[in-house]
Amino acid sequence: MTVQESAARTRPVPAVEAEGIAKNYGSVTALKPTSFAIPAGSYFVLLGPSGGGKTTTLRMIAGLIRPTGGRVRINGADVTDLPADRRDTSMVFQGAALFPHMTVEQNVAYGLTLRRLPRDRIRSEALEMLKLVGLAGFERRRPHELSGGQQQRVQLARALVLKTSVILLDEPLAALDAQLRRDMCFELKHIQESVGITFVHVTHNQEEAMTVADEIALIADGELVERGTPEHMYETPERRFTAGFIGENTLLDGIIHGHGQEARLVIAEGLEIPLPNAPVGEGRPASVSIKSEDFRLAPEAVDAVSAPVEVVDVFYLGFSTVMHVRLPDGRPATVRSTTGALPTRFRSGDRAVLSWRPEAVRLHLA
Amino acid sequence: MKASGPGGAGRGILWRRLVADDGPGRLLFYLPAVFMTVFFLVPLGLTLVWSVFERTMFWMKPGFTLAAYGDFFLSGRIDSFLNSVQSGLATVALAFALGFPIAVFVRRSLPPAAQHKAVLLFILPFMISEVIRLFALRPVLGRNGIINDALIGSGLIDAPLDWLIFTPTGVVIGEVLSFLPFMVFCGFLAMEGVPDYVFELCSDLGSGVVRTFVRVIVPLAAPGIFAATLFIFVNSLGLFLVPDLLGGPGAANAGTLVVNAISALDFPLAMAIAAVMVAMMIVLLLIGHRLFDITRILQPYR
């Protein structure tokens, strides 16, 4: 192992590094100054509601939009002032962004022909990539003869064939139906793992994000809300917004009362959630979230904490059943239970007791 | 017949019954077909039929002779015709070189709200009669015209350029100026059908300006460009006003030949020239259809 290699091993250079990048359109802020680093070889997802700034972020990494502030580094090199084609990235666009007048092979090869490589090499590399994305034998077709999923595979092949170290995917599966989107997610993940390069993927679909991501960055209202592994974002979100966006959580806002073992979040009169040893002082507004599957609905209390509720709606979904209930002060909560584990079939209008373990409560201070 | 039912509603029902799929009113929808037959197909057929009629002193009489075609192909007329084909091609090329970049510019560089307004500006010249527009070019292109004055005044040339007007060049200049809007319209409509991602894709892949233009923009806008090309070519062949006003003595295009034949009361000859033009048009359309599927002209690419 050379010295350089060992240095690289101790402090790996991130594939993409954003340092305070921001974008304003006149007085409208698309992205507030945002910093993050994407480790090389990882599958990184920018997740968030539409209009939140995630696509802007991706396009600034690609070089299709110029940031109004901050720097972008790719593999350690500052590329902020370089155009898109001079960056070590290639882009997969939303929808079927292929040249409609070229065949599949010509589409994949176009980027290589610009590099003036020998013709037979261009052809063999294009065919190899088409094989990798599962489209061997489709090279003579034209884009309109392909299905939506196949068109996205061609786009992926076109991006991969350039052998850039980062692939940027802008809502690549948005136009596909749910089943196809799921399959394509698995496939994207497989391809990313087999080629081992960095993927940065923008989506508003949390299932898609959870399926493919090594790490998720939640972007909303022009800022990076929170980032972490899918497990972190789902199980232990720090921000209230994360809990509201990812998963199926019941969010309750209130004021902290008491301290130490007596600390509790007072949501309304008669509705308090114990928060023993909450790390904040009395009088502070705070929120808690509880995952729908951490609630248990039964005729009487079955866990340490409970509240009487009225069942509003019951949705039987086969394996699981989702129930919307109303807390004593009228606030809604969502309960999901495996259908087999329900003590009785609840119906709308039933009175029941909602119970949960104290550990299931996540505190959000922002 | 009186409408049944109360008030206006009854009339609505009657009207709907009239135009229902099986009502007698459905025949209304054949009116355009009748119109096209009477005013388009029948004259076209008559052109062909009359072109082989025999010429008489003031009219023609039924018969079959190819004399008119001989008169056209075996005389100086064919030279005038070929010359006008040549200047038509030059006009098309220049209109493409000038007009299509304008279309691309309007589509790519103007804010969306301004694009259609900018294109509409190119309609303004059509508000002025073609005769006046062309005539107005005389004080611009003439020996003592604006252009020559400006060039001499700036010291670029010593003697006035005398080939700007009353020459074949003058005809081409006049035709380009007259027909440029067609290239801008068709080019713009074709460019509207080219999705934005195409341009982002090109910049992400590093396709240079020239290469993007040749390999991507022109192929994608080809149906629109072809439509404009056809329109301009046919007009430059057929509109006799331009050579009349700007071509100088002896200038003629296919339109002039037809007009002259009619003035000479040689109707079969006029019809024969028209028939040759129609045949040429059909051949061009067939070629265009083979190349870019004419049914898709002015329609977004998909």
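Chain identifiers are assigned alphabetically (A, B, ...) following the order of the sequence lines, protein sequences preceding nucleic acid strands; residue numbering begins at 1 within each chain. Both backbone and side-chain heavy atoms feed into the values below; hydrogens, waters and symmetry mates do not.
- Around NZ of A:Lys131, the count of heavy atoms belonging to other residues, nucleotides or ligands within 6.0 Å does not exceed 12.
- For CZ of A:Arg123, the number of neighbouring non-hydrogen atoms (other residues, nucleotides, ligands) closer than 6.0 Å is 12 at most.
- Interface remark: A:Ala159 contributes no atoms to any contact with chain B (heavy atom separation under 4.5 Å).
- Rounding to the nearest 0.5 angstrom, the gap separating the CZ atom in A:Phe99 from the CZ atom in B:Arg215 is 8.5 Å.
- The minimum heavy-atom distance between A:Pro100 and B:Tyr197, with the atom names listed, is CD-OH, 4.4 Å.
- Neither the backbone nor the side chain of A:Leu168 has a heavy atom closer than 4.5 Å to any heavy atom of chain B.
- Crowding of B:Arg108 atom CZ: a count of heavy atoms from other residues, nucleotides or ligands under 6.0 Å exceeding 12.
- Taking both residues in full, the closest heavy atoms of A:Phe93 and B:Leu201 are given as CE1-CD1, 3.4 Å, listed atom of the first, atom of the second, then distance.
- In this structure, OG1 on A:Thr113 lies 4.5 Å from CZ on B:Arg211, to the nearest 0.5 angstrom.
- Distance alone, capped at 3.5 Å, places no donor-acceptor pair between the A:His101 side chain and the B:Val218 backbone.
- Taking 4.5 Å as the heavy-atom cut-off, the residues of residues 202-209 of chain B that approach chain A are B:Cys202, B:Ser203, B:Asp204, B:Leu205, B:Gly206, B:Ser207, ordered by number.
- When the candidates A:Ala97, A:Ala84, A:Gly111, A:Pro143 are compared by the number of heavy-atom contacts under 4.5 Å with chain B, A:Ala97 comes out ahead.
- Just one of A:Asp170, A:Ile65, A:Leu64 meets the side-chain contact (heavy atoms from CB on, under 4.5 Å) condition when paired with B:Glu200; it is A:Leu64.
- In this structure, the portion of A:Arg59 lying under 4.5 Å from any heavy atom of chain B is its side chain and not its backbone.
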